[in-house]
Protein chains: 2
Amino acid sequence: MEEFPPSAVTVDLVVLTITGEQLCVLLVRRGIEPFRGAWALPGGFVLADEDLDTAARRELAEETGLAPGTVHIEQLAGYGDPGRDPRLRVVTIAYLALAPDLPVPQAGTDAAEARWTPVATLDPATLAFDHAKIFTDGLERARAKLEYTPLAAAFCPPEFTVAELRRVYELVWDARLDPRNFHRKVTGAEGLLEPVGTTTTRDGGRPARLYRRGPAELLSPPMLRTRG
Amino acid sequence: MEEFPPSAVTVDLVVLTITGEQLCVLLVRRGIEPFRGAWALPGGFVLADEDLDTAARRELAEETGLAPGTVHIEQLAGYGDPGRDPRLRVVTIAYLALAPDLPVPQAGTDAAEARWTPVATLDPATLAFDHAKIFTDGLERARAKLEYTPLAAAFCPPEFTVAELRRVYELVWDARLDPRNFHRKVTGAEGLLEPVGTTTTRDGGRPARLYRRGPAELLSPPMLRTRG
DNA sequence: CCAATAGTGTCTATGAGACATTATCAG
DNA sequence: CTGATAATGTCTCATAGACACTATTGG
């Protein structure tokens, strides 16, 4: 092993949710230096005996007070530019988490404040460290994954209507989808949705059938996002 | 910052190429403990003032003696299970590299030997550390990326024929594609291929037009791999 | 009744896949 | 010439997208 350059390893989280009519990201206001007072992605050090995924879930729970089962979480990428943290060499493993509409987050240990911020109004350049890039990468990953995975349901409560699922696509992609074609597509896709059997009128109008997520891991054929 | 658990950070590489008629991965035989004598993915420590991408390219150059411009390289994922290295806590950032047919690699500093191994005959379980998982993830990433990116050309020399590009798909996916439909599809895709203007008879039969990679970043609509 | 949304049916353009046909080289 | 592969054309079927229409609730 000889000598090796020592580093700290952290996890950072891009946590996305849909509250009301907006796609939002979880930000914390830093209570300590560096970047004290600035908004940042939640995160923290990986403990000595801890798996990366475990560290990410722990930080998520600390920051949101969330039941682990309700949130989709996946690794995003590693970021390790020298100088990304002014104190010492820190390599961070970023995670992407998608959650249904959540209660207001609670501030964690290092954070003075935690908040859901609409992505439409967020200027990424104001974020601490290199979190602008991590946030942008995470958002793009989420957008891409809606195309070919059933991940949109991760933004919905356990039982949801086709219209609610469509709203997820429309908000994340900032696009309009034809309700009738969307309905035909998702109800026709094998293993995507499982009918619960009951209906709801919470969206107004004719009662809508409720569905749960089905066992499908892949959306085939994919949902098409018209590319520029 | 208080106290933090110190770690070493490495990069490991899944380097794929096509030699003759087989998809191959670059492996090195370890010359030092642990796993001395076992085959492993090439890799090494990230230096103190070095970017992760830079470290990956440096290791690749050391291990293959390759001109940097000819190889596609992208980050794959981070791996950090405690105990994945028996010596100390090591978090590795894995990279995926795709290269055209290459000269025989040269052994690096820590490696006794370097070799191209056909993926069809490789038992991943024999690899050192957790390299079985990294290799499997890298291979699956490469397979998936052929579907929706122009990445297959990374396996080809700068100028190549449609048939050579098709061979890449067939070898990586282990599938057969109709030459006529494939030809129509790739020559019709916007920005994918740029005709050089010359032809070659190196494949026998009627001379085939030579192409270079075009500027397209995305293959739209994607190449379809028939899913199970 | 009317307003609103759910859900179905129909038409059309596009593209994938199967496969015939013609083109152009080496020997 | 033959044998090989390149390149193009044609047909059919599936599906995305546009949009008309019917269904079922609340007010």
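Chain letters run A, B, ... following the sequence lines, proteins first and then strands; every chain starts at 1.
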Between A:Arg141 (side chain) and A:Leu96 (backbone), is there a donor-acceptor pair under 3.5 Å? no

Is there a side-chain contact between A:Phe160 and A:Leu193 in this structure, where contact means two heavy atoms from C-beta onward sitting under 4.5 Å apart? yes

Specify the separation, in whole Å, of atom CD of A:Glu147 and atom P of D:dA16. 13 Å

Please report, rounded to the nearest Å, how far the P atom of C:dT24 is from the CZ atom of B:Arg202. 20 Å

What is the separation between atom CG on B:Leu177 and atom P on C:dA16, rounded to the nearest whole Å? 13 Å

Residues two or more places apart in sequence or in another chain: which of them pass ring-ring contact (aromatic ring centres under 6.0 Å, His included) with B:Phe155? none

Pairs satisfying salt bridge (charged side-chain N to carboxylate O under 4.0 Å, His left out), at least one member in residues 174-187 of chain B, at least two apart: B:Asp178-B:Arg180

Measuring centre to centre across the rings, with the benzene-like ring taken for any Trp, is B:Tyr169 within less than 6.0 Å of B:Phe182? yes

Under a 4.5 Å cut-off applied to non-hydrogen side-chain atoms, are B:Asp51 and A:Asp81 in contact? yes

Nearest whole Å is fine: how far is C:dA18 P from B:Arg176 CZ? 13 Å

Give me each pair satisfying salt bridge (charged side-chain N to carboxylate O under 4.0 Å, His left out) with a member in residues 153-164 of chain A, each pair once, sequence neighbours excluded. A:Glu159-A:Arg212, A:Glu164-A:Arg202

Give the angle between the helix axes at the two ends of the helix from C:dC1-D:dG27 to C:dG27-D:dC1, taking five base pairs at each end and rounding to 10°. 0°

Whole-Å distance between D:dC19 C1' and A:Phe182 CZ? 18 Å

Go along nucleotides 6-14 of chain D 5' to 3' and tag each nucleotide: B for a protein heavy atom under 4.0 Å from its base, S when only backbone or sugar atoms are that close, - otherwise. BBB-B----

Distance-only check: which donor-acceptor pairs under 3.5 Å involve side-chain atoms of residues 16-28 of chain A, not counting sequence neighbours?
| from | atom 1 | to | atom 2 | distance (Å) |
| --- | --- | --- | --- | --- |
| A:Thr17 | OG1 | A:Ala99 | O | 2.8 |
| A:Thr17 | OG1 | A:Pro100 | O | 2.9 |
| A:Glu21 | OE1 | A:Arg167 | NH2 | 2.2 |

Between atom CZ in B:Arg167 and atom P in D:dT5, what is the gap in whole Å? 11 Å

Any donor-acceptor pair under 3.5 Å linking the side-chain atoms of A:Tyr79 with those of A:Asp137? yes

May I ask you to evaluate whether A:Lys185 reaches the phosphate of D:dA16, defined as a side-chain N or O under 4.0 Å from OP1 or OP2? yes

Nearest-angstrom distance from the residue atom CG of B:Leu224 to C1' of C:dT14: 14 Å

Between D:dT15 (C1') and A:Leu219 (CG): distance, integer Å: 14 Å

